[in-house]
Amino acid sequence: MTDYKNLIDGEMVDNGEWLEVLNPANEQVVGRVPACGKDELDRAVAAARRAFKEWKKTPQEERQKVVQGIAAAIKGNADELYRLLTSEQGKPHTQAQQEIYGAAGLAAAQSTLTLDDVISQDDDTRLSRTRRVPVGVVGGIVPWNFPIMMAIQKIVPALVAGCTIVLKPSPFTPLTTLRIAELIKDVVPAGTVNIITGEDTLGPLITEHPDIDKITFTGSTATGKKIMAGASGDLKRITLELGGNDASIVLPDADVEKVAEQLFWSSFSNAGQVCIAAKRVYIHKDIYDDLCKAIAAYANTVVVGDGSQQGTGVGPIQNKKQYERVLELIQDAKDNGYKFLTGGDKDPSGTGYYVPITILDNPPEDARIVAEEQFGPVMPLLKFDTIDEVIERANNSDYGLAGAVWTKDTDKGVEIAEQLETGTVWINEFMHLSPFAPFGGHKQSGFGAEYGVDGLKEFTYPQVITVKRDAAV
């Protein structure tokens, strides 16, 4: 077991009080991190505030080079980092590698983004120019499902925009983030990036801190609402990437054998703990039975187990609270007599937070397993008759994060996509996000955007400077 320290004002520090971090595969302690409170937060925010005075003046090219250094540090230590990530998060090594390399790639790609001035008027009377200026000190709050990707998509645009940041990892998955903090300590100017750990009680202190100018948060819709309330006291800027209950729609012309495996992984990657996972799969009645059989057959080939073991396809649920919630949803489905194609039982071993792959056969639309975001290895398959019907059912949700359409007729797929009330829709693929395209939710799935120029703008204010020509002064 290793003790990991926080990054505050360019130094790795601790306060002598510790939180233990468990491996969800075996419930053993794999590391300890500082248990921070108001004093440590105040120190981190003060460091970020001091650093902001110079960082906001730093030329864009230099800020981009710093971010490229972060990318290089992550990529250069990927083998160490992905193994550590699996030990605290639970995802299989292959998926942990994808997250680590993906985070490095995201940082490198977003380091190229720029916010150029826009001329809105240039004539004999006046010159009017809009520039983007950094918001200030950012408070970033990161979840446990993709702790490194989510940290990078908060740190990088903040730095590129000219902001400084105080980042709080989830208490369930802080180890890899703090190891990255060690690796970048001498890459980033002191105070520009501060990473502190603590219980969930630290989050509200960040949200309400008077010297933090913006909050960027990824997590549940319920917590997002609390953050909006907490940030309202001094009208902090906010970006919220929240929950989803994403619908996939499979048209009757889809190739059953080809689409079965893709649909499986669209739901079960990272044990279903993905905000943009397919959580409701609508299949046309003409191919429903065949596709159900194909998905269930493929599911039986996938190994559920310790992510560090070769051959594991689906790891454990990351923490006990979420594990118990997924089991509760499954039990509700059993109590209501819904039909299971696979799964439905608790893992008998008693060690680790394992939930067997669970696929349900056409439960009703108002079933909890359909209406609520499962965030676990559970897939309800649902039968539909007409396009109008399935669009209405897909949109009948408080969420609007993402969705997908599967069909050989891509024009038809686009026609359907344009009627879905979500921020992102894929045609014949899933979970593809571009560093250069905005990602954000509709309805209760979020507020603002991440990625691309739109995401970068979230860390800035527009400032308009107008020069009156030939003015009598």
Side-chain angles (χ1 to χ4, degrees), residues 241 243-270 272 274-299 359-363 365 370-371 373-374 378-446 449-452 454:
E241 195 265 280
N245 194 6
D246 301 356
S248 276
I249 297 172
V250 188
L251 300 189
D253 64 347
D255 187 310
V256 168
E257 295 304 321
K258 289 182 179 179
V259 81
E261 180 177 347
Q262 296 180 77
L263 281 170
F264 177 88
W265 289 114
S266 74
S267 286
F268 291 106
S269 292
N270 197 29
V274 187
C275 57
I276 52 176
K279 300 182 177 77
R280 296 175 290 154
V281 180
Y282 293 95
I283 303 171
H284 192 272
K285 63 180 182 179
D286 290 352
I287 60 169
Y288 181 83
D289 290 340
D290 289 342
L291 187 50
C292 284
K293 291 176 183 176
I295 294 173
Y298 181 79
I359 302 174
L360 287 94
D361 180 5
N362 204 31
E365 200 75 19
V370 177
E373 181 182 23
Q374 311 95 9
V378 179
M379 172 195 275
L381 304 180
L382 305 154
K383 187 185 299 185
F384 77 90
D385 293 337
T386 69
I387 298 298
D388 288 344
E389 166 214 336
V390 76
I391 291 172
E392 182 177 355
R393 291 168 68 184
N395 286 337
N396 185 26
S397 173
D398 290 335
Y399 298 107
L401 192 56
V405 183
W406 301 83
T407 176
K408 293 176 181 175
D409 185 346
T410 55
D411 289 340
K412 188 66 171 179
V414 170
E415 180 185 329
I416 294 171
E418 290 176 345
Q419 298 177 71
L420 297 180
E421 298 167 353
T422 65
T424 300
V425 187
W426 298 285
I427 311 298
N428 297 328
E429 65 173 347
F430 60 96
M431 296 189 199
H432 170 74
L433 297 177
S434 166
F436 307 111
F439 171 63
H442 295 187
K443 298 188 280 190
Q444 293 189 32
S445 283
E450 295 182 301
Y451 293 1
D454 293 85

Checklist line | Leu291 CG to Lys383 NZ distance, which is reported to the nearest 0.5 Å | finding: 12.0 Å
Pairs of donor and acceptor atoms involving the side chains of residues 256-265, under 3.5 Å and at least two apart or interchain, shall be tabulated with distances.
unit_1, atom_1, unit_2, atom_2, d
Glu261, OE2, Tyr298, OH, 3.4
Gln262, NE2, Lys258, O, 3.2
Trp265, NE1, Tyr298, OH, 2.8

Note to self: Rounded to the nearest 0.5 Å, what separates atom CD1 in Ile391 from atom OG1 in Thr386?
What the structure shows: 8.5 Å
Note to self: To the nearest 0.5 Å, what is the distance between CD1 on Ile283 and CG on Leu381?
What the structure shows: 4.5 Å
Next item on the list: Please confirm whether the backbone N or O of Ile427 pairs with a side-chain atom of Trp406, one donor and one acceptor, at under 3.5 Å?
Entry: no
Item checked: N/O donor-acceptor pair under 3.5 Å between Asn270 side chain and Gly272 backbone -> no
Check: Sub-3.5 Å donor-acceptor pair from the side chain of Tyr399 to the main-chain atoms of Thr422, do we have one?
Finding: no
Next item on the list: Drop me the distance from Lys279's NZ to Ser266's OG, to the nearest 0.5 angstrom.
Entry: 10.0 Å
Notebook entry, point to check: Can you find a heavy atom in the side chain of Thr424 that is under 4.5 Å from one in the side chain of Leu401?
Noted result: no
Check: Are any of the side-chain heavy atoms of Lys285 and Phe384 separated by less than 4.5 Å?
Finding: no
Item checked: Candidate pair Leu360 and Val378, rule side chain to side chain contact (heavy atoms under 4.5 Å, CB included), full reasoning -> CA-CA 8 Å; Leu360 287 94; Val378 179; 3.8 Å; yes
Item checked: Non-hydrogen atoms of Pro363 and Leu382 that approach each other most closely -> O-CD2, 3.2 Å
Note to self: Between Asp454 and Ala437 (side chain of the first, backbone of the second, donor and acceptor by atom type, cut-off under 3.5 Å), is there such a pair?
What the structure shows: no
Check: Heavy atoms, side chains only, cut-off 4.5 Å: are Thr407 and Val250 in contact?
Finding: no
Item checked: Glu392 atom CD: more than 12 heavy-atom contacts under 6.0 Å -> no
